[in-house]
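Notes to accompany the following structure.
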Amino acid sequence: MIFKRKSTANSWQDILDGCLRRDSKAQRQLFERYANFAKNTCLRYAQNDEEAEEMVSDGFLKVFDKIDRYDSAQPFEGWLKRIMVNTAIDHYRRNVSKINWADIDDASQVPYADTYYKDEHLMNITADEIMAFVQRLPVSYRTVFSLAVVDGYNHVEIAELLGISESASRSNLSKAKAKLQSWISAYVVQQDEITHKHE
Amino acid sequence: MNNDFFERRIKEQLESVNRPMNPSGWDTVKKKLPVPWYLSFLREWGLLAMGGLIFSGLLGNIYYQFKNQQLLKRLYEENSTLKQEVVTLRQTSPPVAQLVSEHRVDTVYIVKKMVVEHRHTYEALATTDNEITDESVREKGVVEGKASKKYPFENKTLTSKVDRGKKASIPKENLTQTGVSAADSAEKGGGAVETQLEPAKDAKTAATAESDSVATNPIASVEKPKRQDTLSNVSPPLAKKSFKFPTPRVRVGVETEVGIGNLGVGPTLELFLSPHFSLTAGLHAHRFSSQEYKTVRDYNRATGLDFTQQFAAVIPPHDHLEEIETSVSTIEIPLGIKYYLPLRKEFSLVFATSTNIDVQAFNQVKFEAYKDGAEQYLSVENRNDPQSLYEYTFGVGVQKKWKRGIAQLEPFANFTFRQPEYAASYKNVFGVKASVWIEFGKK
C-alpha cells in the first residue's frame with residue numbers, strides 16, 4: 001500500500017504521548033479508559049452522581065494540563081486518584097463559604113430512631129447503600145471521613161488540606177462515623193422488621 | 001463497637017462501588033478544554049478582524065467605483081470632443097470628403113510622391129544648413145541609392161522639386177528616418193501596412209506633406225479624406241455628463257426572526273455595494289422562551305453549568321432550591337451579507353448569512369428557595385457579559401418587490417459554534433425570518 005492508513009493510538013504509551021502533544025483523540029482515549037475509576041473516587045466526596053461527574057471533568061482538565069508531571073514509572077491510577085481527591089478538595093474549598101456548620105443532627109434528617117450499632121449490621125448492607133449514607137453526610141463531615149477512612153490521610157494532613165484545626169478534623173470524623181453507624185443500624189433493623197412481617 | 005472493623009468494612013465497600021460515567025462526560029470535558037491559539041485569537045479578535053475586512057472592502061469598493069466614474073467622465077469628454085470635431089469637419093468640407101473617399105487608390109501614388117519630396121528637402125537642408133549628422137546622411141545615401149536603383153526615372157523630377165521643398169521650409173524634425181523608411185516601404189509596394197504602424201509619426205509626415213505642397217491641391221485633398229473615413233461611422237455626439245458621486249442604494253426595514261423557542265424583532269438597514277450584493281446591520285431585541293427545571297441538578301445537567309455559582313449573587317441562604325424557571329433576553333446587532341438572484345420580474349432569490357453581536361444579555365430566573373422548612377419564591381434578573389460571534393446563520397429566501405416596497409421571507413439554519421453561558425440551554429437550529437423594507441437611493 002502506498003498510502004498507509006493512520007493507526008489509532010491504542011497502546012498506553014501512544015495515549016500518553018498523544019496527551020503530551022495535547023492530541024484530542026488521545027485525551028479522549030485516556031478519559032474513556034479512566035473515567036469510571038475517577039468517578040468512583042469522587043463519588044464518596046460528592047453529594048450525588050452529578051456532582052461527582054463535575055469533579056471528574058474538572059479533574060481530567062488538570063490531568064491533561066499536568067500530564068507532563070506524571071512519572072511513568074509509577075502507576076497512573078495512584079497519580080489520577082491524587083488529582084481527583086485534590087479536585088474534590090477544591091470543590092470543598094469553593095463551597096466552604098456556603099457550608100452551614102450546623103450540628104450534624106440538625107443538618108441531616110435522621111430517618112429512624114437511634115438503634116445500637118453492631119458489626120454484623122455491616123454484613124447485611126450493600127456497597128451502594130453505604131455510599132448513599134456517606135453522600136447524605138454534610139460535606140465537611142463527608143470530606144473528612146473519606147479522606148481519613150478511605151484514602152488514608154491523617155488528621156494533620158486533613159487539617160492542612162481543608163484549612164481546619166486538627167481537633168475539628170477529629171471531631172468531624174468521630175461524628176461522621178457515629179452518624180453512619182446510627183443510620184446503618186437503624187436501616188438494617190427496619191429491613192429485618194419488614195422481612196419478618198412478610199414471613 | 002469495633003472501629004477498625006467498621007472502617008475497614010466501610011472502606012472495602014466504598015471502594016467496590018462501580019457506577020459508570022455518563023456517556024456524555026467527554027463532551028463536558030471537551031467543552032472546557034483549552035482551545036488552539038487560532039480559535040482563541042478568533043474569539044478575541046475575530047469580530048474586529050471581520051469588521052476591519054468588511055470596512056476595507058467597503059472603502060475599496062467605493063474607491064473603485066469613484067475611479068470608474070472618473071474614467072467614464074474622461075471618456076465622455078473625449079468622445080464629445082471627437083464628435084464635435086466630426087461635426088465641424090462635416091460642416092466645413094463635405095465635398096472633399098466625398099471626392100477622396102472615391103479615390104482611395106490614389107493615396108498610394110501620392111505617398112510615393114511624398115517620399116521623393118522628403119529626400120529632396122532632406123538633401124537640400126543637409127547641403128545648405130550643414131546641420132544634419134553624418135549618420136543621417138549615410139542613411140539618406142542608402143535610401144537614395146535604393147531608390148536610384150529601383151526607380152532611376154525618379155531622379156528626373158528631383159531637381160524641379162528641391163525648390164519647392166525649400167519654399168515649404170519643412171522643419172527638420174519632420175525629416176525623420178522613420179518617415180523616409182515608411183515611405184520607402186510604401187514605395188516597395190507593401191507600404192500601406194507599414195505606414196499605419198506609427199500613427200503619430202504618420203501624422204507628422206502628413207503635416208509635412210500638407211505644408212510641403214501648398215500649391216498642390218491633390219495632396220491637400222488626400223489628408224482630409226483619411227480622417228473623414230475614420231470618423232464617418234461615429235454616431236452623433238451625446239450630451240455631456242457631469243460627474244456625480246454614486247448615490248448609495250439603501251433599504252430600511254423591520255425584520256422578525258422566529259426560531260425554535262425564540263423570537264427576535266427589530267429595525268434593520270441594508271446597504272447595496274453592487275446591484276446584487278448588500279450588507280445588513282440592525283438592532284434586534286431577542287427573547288428565548290422560558291425553560292423549567294425541577295431541581296438544581298436538572299438545571300446543571302441540562303446546561304452544563306452550576307446554578308448556585310451562576311446565580312450566587314442573587315441566591316439567598318437556603319437548604320435546597322426547586323422549581324427553577326429561566327428565560328433569556330438579549331439586545332443584539334445582527335450583521336449580515338445578502339446576494340440577490342433575480343428570478344422573474346418582481347421576484348428574487350435571496351442568499352444570506354449573518355452573525356450576531358450581543359450588546360446586552362439578561363437572565364431572568366425564578367425559583368423556590370427552602371430554608372428551615374420555609375418556602376421563599378424569588379424572581380430576579382441577572383445581567384450577563386454579552387458575547388459576540390458565536391453563531392452563523394445561513395438562509396435562502398424569496399423576495400417580492402413593489403416599486404419601493406419589498407417583502408422577504410427567508411428560512412434559515414443556525415450553526416452555533418460556541419454557546420454563550422447565558423443561553424446554554426437554547427439550541428436554535430432552524431427558523432424563519434420575515435421582513436418588510438422600503439428602498440431609497442438610485443437603483
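Just so we're on the same page: letters track the sequence lines, and every chain starts at 1.
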Inset, instruction - Could you pull out the closest heavy-atom pair between A/Lys39 and B/Pro20, with the gap in Å? - result: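 Closest heavy-atom pair between A/Lys39 and B/Pro20: NZ-O, 3.0 Å.
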Inset, instruction - Give the member of A/Met131, A/Arg28, A/Gln27 that has the highest number of heavy-atom pairs under 4.5 Å with chain B. - result: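 Of A/Met131, A/Arg28, A/Gln27, A/Arg28 has the most heavy-atom pairs under 4.5 Å with chain B.
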Inset, instruction - Heavy-atom pairs under 4.5 Å with chain B are the metric here; pick the option from A/Glu32, A/Glu53, A/Glu129, A/Arg44 that has the most. - result: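 Top count of heavy-atom pairs under 4.5 Å with chain B: A/Glu53.
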Engaged part of [X] at the chain B interface, taking heavy atoms whose separation is under 4.5 Å:
{"X": "A/Ser146", "value": "neither"}
{"X": "A/Glu51", "value": "neither"}
{"X": "A/Leu122", "value": "both"}
{"X": "A/Phe37", "value": "neither"}
{"X": "A/Gln135", "value": "side chain"}
{"X": "A/Val56", "value": "side chain"}
{"X": "A/Asp49", "value": "side chain"}
{"X": "A/Asn48", "value": "side chain"}

Inset, instruction - Could you check whether the rings of A/Phe64 and B/Trp26 sit parallel, tilted or perpendicular, using 30° and 60° as the cut-offs? - result: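 Perpendicular.
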Got a sec: does the [atom1] of [X] have more than 12 other heavy atoms crowding it under 6.0 Å?
{"X": "B/Glu12", "atom1": "CD", "value": "yes"}
{"X": "A/Glu157", "atom1": "CD", "value": "yes"}
{"X": "A/Asp68", "atom1": "CG", "value": "yes"}
{"X": "B/Phe55", "atom1": "CZ", "value": "no"}

Inset, instruction - Answer with side chain, backbone, both or neither: which region of B/Asn22 has an atom nearer than 4.5 Å to a non-hydrogen atom of chain A? - result: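 For B/Asn22, heavy atoms of backbone and side chain both lie under 4.5 Å from chain A.
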Legend entry - Distance-only polar pair, side chains of B/Asn18 and A/Asn36, donor-acceptor under 3.5 Å: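 Distance-only check fails for B/Asn18 and A/Asn36.
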Legend entry - Residue of the set B/Lys30, B/Lys31, B/Lys32 for which side chain to side chain contact (heavy atoms under 4.5 Å, CB included) holds with A/Ser57: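 The single option meeting the side chain to side chain contact (heavy atoms under 4.5 Å, CB included) with A/Ser57 is B/Lys32.
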Any heavy-atom pair between the side chains of [Y] and [X] that's under 4.5 Å?
{"X": "B/Ile10", "Y": "A/Ile184", "value": "yes"}
{"X": "A/Val149", "Y": "B/Phe6", "value": "no"}
{"X": "B/Asn300", "Y": "A/Glu54", "value": "yes"}
{"X": "B/Arg19", "Y": "A/Asp128", "value": "yes"}
{"X": "A/Phe145", "Y": "B/Leu14", "value": "yes"}

Legend entry - Between CG on residue A/Asp151 and NZ on residue B/Lys11, distance to nearest 0.5 Å: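 Here the rounded value is 7.5 Å.
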